[in-house]
Asker: 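The structure's right below; bear with me while I get my questions together.
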Number of protein chains: 2
Amino acid sequence: MTSDADKALDKAVEVLRLDRQLCFALYSAANRVTRLYRPLLDALGLTYPQYLAMLVLWEHSPRTVGEMGQALDLESSTLTPLLKRLEGAGLIARSRDPDDERRVIISLTDAGDAMRDQALDVAEQFFCKLDTPLPELVDLRERLKRLAV
Amino acid sequence: MTSDADKALDKAVEVLRLDRQLCFALYSAANRVTRLYRPLLDALGLTYPQYLAMLVLWEHSPRTVGEMGQALDLESSTLTPLLKRLEGAGLIARSRDPDDERRVIISLTDAGDAMRDQALDVAEQFFCKLDTPLPELVDLRERLKRLAV
DNA sequence: AACGATTTAATCGCGCACGATATAACTTCA
DNA sequence: TGAAGTTATATCGTGCGCGATTAAATCGTT
């Protein structure tokens with residue numbers, strides 16, 4: 001027969017295993033998607049987080065750094081250097097808001113706006129690579145949005 | 001009436017929006033979970049990737065660096081420095097395999113093994129924080145495992 | 001007007017994550 | 001046996017992601 005201590009240990013093993021499986025599944029899927037995008041984005045000279053930032057701007061530009069931080073759920077400590085690199089690449093412009101000099105306004109340059117067409121190809125190639133039915137992706141998206149909000 | 005060009009643009013907007021939503025949902029959920037773990041893991045002096053590495057070892061130790069890389073889907077360029085930090089913290093030991101000097105064997109120290117009990121608390125607190133029914137989590141895990149394999 | 005509180009970005013340090021490359025150990029096979 | 005090829009880990013440079021801190025602008029209250 002098994003002792004209470006053994007049962008407690010089994011429980012511990014089980015909880016830790018589930019934790020590992022769930023956390024790792026998320027962690028690893030995010031890494032895999034980044035790796036999947038890399039060869040596609042190399043053609044645009046963008047990293048994956050930079051691509052996400054551009055997607056935000058292609059939906060609506062200009063925006064302040066703070067608004068982009070809200071949209072991407074990132075701190076200025078992450079965003080500021082990333083945006084400076086996009087500026088260096090000539091895709092965006094950074095300027096202080098005259099109405100409130102604390103704010104920095106991010107706007108697409110012509111080059112940044114023009115990249116939108118190539119980005120469309122990237123997105124389509126990505127969906128091909130994923131090879132997953134659209135409803136499954138939409139379902140996954142909704143479940144992820146609900147997680148740990 | 002709308003022109004063909006307008007329709008193509010609408011399609012582009014839609015594809016990019018879906019891409020943004022799906023990719024961002026995954027990216028952002030992974031970031032959120034890491035942030036959720038941080039205060040819990042601070043008590044153990046572990047980062048989130050270090051915690052994942054310890055979970056792997058608590059399931060089965062010793063393992064080689066390569067085996068851990070397979071389990072965590074990480075390159076040696078990521079794993080080696082991480083493992084050196086765990087070694088510095090006294091939680092694991094690194095030693096060359098006498099049968100094949102190319103391999104490095106990672107084994108838990110007594111301190112590393114002992115941390116397992118505290119880790120159990122962390123995992124349980126995490127599930128409390130998540131506040132999500134277990135079946136939903138299991139379902140999410142399965143969907144993530146299927147994604148971009 | 002003035003001074004403390006708040007808001008907005010930026011800066012810094014640390015630890016990933018990975019591609020490219022290096023190095024050493026093992027294997028193969030001529 | 002020994003040279004060529006393969007495998008296992010390590011090193012390096014770049015770009016995140018974030019907590020802690022800083023600096024400057026704005027706001028609120030008196």
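Just so it is clear, the values below take in all heavy atoms, side chains as well, and ignore hydrogens, waters and symmetry mates. The chains referred to below are lettered A, B, ... by the order of the sequence lines, with proteins before strands, and numbering in each begins at 1.
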Asker: Indicate, yes or no, whether a donor-acceptor pair under 3.5 Å links the base of dT8(C) to the side chain of Arg103(A).
Answerer: no
Asker: Starting at the 5' end of DNA chain D, which residue's closest nucleotide do you reach first, Asp99(A) or Pro49(A)?
Answerer: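 The residue whose closest nucleotide sits nearer the 5' end is Pro49(A).
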Asker: Using a 4.0 Å heavy-atom cut-off across all strands, classify Thr47(B) as base, sugar-phosphate, or nothing.
Answerer: sugar-phosphate
Asker: Atom CE of Met68(B) to atom C1' of dA10(D): distance rounded to whole Å?
Answerer: 16 Å
Asker: Rounding to an integer number of Å, can you tell me how far Arg96(A) CZ sits from dA24(D) C1'?
Answerer: 8 Å
Asker: With heavy atoms under 4.0 Å as the rule, sort Thr64(B) into base, sugar-phosphate or nothing.
Answerer: sugar-phosphate
Asker: Does Lys84(B) place a side-chain N or O at less than 4.0 Å from the phosphate oxygens OP1/OP2 of dT11(D)?
Answerer: yes
Asker: Are any non-hydrogen side-chain atoms of Thr47(A) and Arg38(A) less than 4.5 angstrom apart?
Answerer: no
Asker: Does any donor-acceptor pair link the side chain of Ser76(A) with the base of dA10(C) at a separation under 3.5 Å?
Answerer: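 Checked by distance alone, the answer is yes.
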Asker: May I ask you to say whether Arg116(B) pairs ionically with Asp121(B), meaning some side-chain N is under 4.0 Å from a carboxylate O?
Answerer: no
Asker: Toward the 5' end of DNA chain C, which comes first, Thr78(A) or Tyr27(A), by nearest nucleotide?
Answerer: Thr78(A)
Asker: What's the closest nucleotide to the Arg38(A) side chain, out of dG15(D), dC18(C), dT9(D)?
Answerer: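 Nearest nucleotide to the side chain: dC18(C).
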Asker: Expressed as a whole number of angstroms, how long is the span from Asn31(B):CG to dC16(D):C1'?
Answerer: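 From Asn31(B) CG to dC16(D) C1': 10 Å.
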Asker: Need one value for Leu79(A): base, sugar-phosphate or nothing, where a base atom within 4.0 Å counts as base even if backbone is also close, heavy atoms only.
Answerer: nothing
Asker: Side chains of Val104(B) and Asp97(B): does their closest heavy-atom pair fall under 4.5 Å?
Answerer: no
Asker: Heavy-atom distance under 4.5 Å between the side chains of Pro39(B) and Gln125(B), does that happen here?
Answerer: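 Side chain of Pro39(B) against side chain of Gln125(B), heavy atoms only: no contact under 4.5 Å found.
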Asker: Which of these nucleotides, dT11(D), dG15(D), dC16(C), is closest to any side-chain atom of Leu82(B)?
Answerer: dC16(C)
Asker: Give a yes or no on whether a donor-acceptor pair under 3.5 Å exists between the nucleobase atoms of dG19(C), that is its base, and the side chain of Ser77(B).
Answerer: yes
Asker: Whole angstroms only, please: what is the CZ-P distance between Arg85(B) and dT11(D)?
Answerer: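 Answer to the nearest Å: 12 Å.
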Asker: Does Arg102(B) contact dT7(D) through a side-chain donor or acceptor facing the base, at a distance under 3.5 Å?
Answerer: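 For Arg102(B), whose side chain was compared with the base of dT7(D), there is a donor-acceptor pair (under 3.5 Å).
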Asker: In whole angstrom, give the distance that lies between atom CG of Leu74(A) and atom P of dA10(C).
Answerer: 14 Å
Asker: Mind calculating the distance between CG (Asp100(B)) and P (dT9(D)) to the nearest angstrom?
Answerer: 8 Å
Asker: To check you understand the geometry: which heavy-atom pair defines the closest contact between Met54(B) and Leu86(B), and what is its length?
Answerer: SD-CD1, 4.0 Å
Asker: Base, sugar-phosphate or nothing for Arg94(B)? Non-hydrogen atoms, less than 4.0 Å.
Answerer: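 The answer is sugar-phosphate, as Arg94(B) gets under 4.0 Å only of primed atoms, P, OP1 or OP2.
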Asker: Look at the side-chain N and O atoms of Gln50(B) and state whether any lies under 4.0 Å from the OP1 or OP2 oxygen of dG15(C).
Answerer: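 For dG15(C), neither OP1 nor OP2 has a side-chain N or O of Gln50(B) closer than 4.0 Å.
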Asker: Starting at atom CD of Glu75(B), determine the distance to atom P of dG15(C), rounded to an integer number of angstrom.
Answerer: 21 Å
Asker: If you assign each of Val65(A) and Arg35(A) to its closest nucleotide in DNA chain C, which residue comes earlier from the 5' end?
Answerer: Val65(A)
Asker: Is any side-chain heavy atom of Lys129(A) closer than 4.5 Å to one of Tyr37(A)?
Answerer: no
Asker: Arg63(B) has an atom CZ; how far is it from atom P of dT9(D), in whole Å?
Answerer: 13 Å
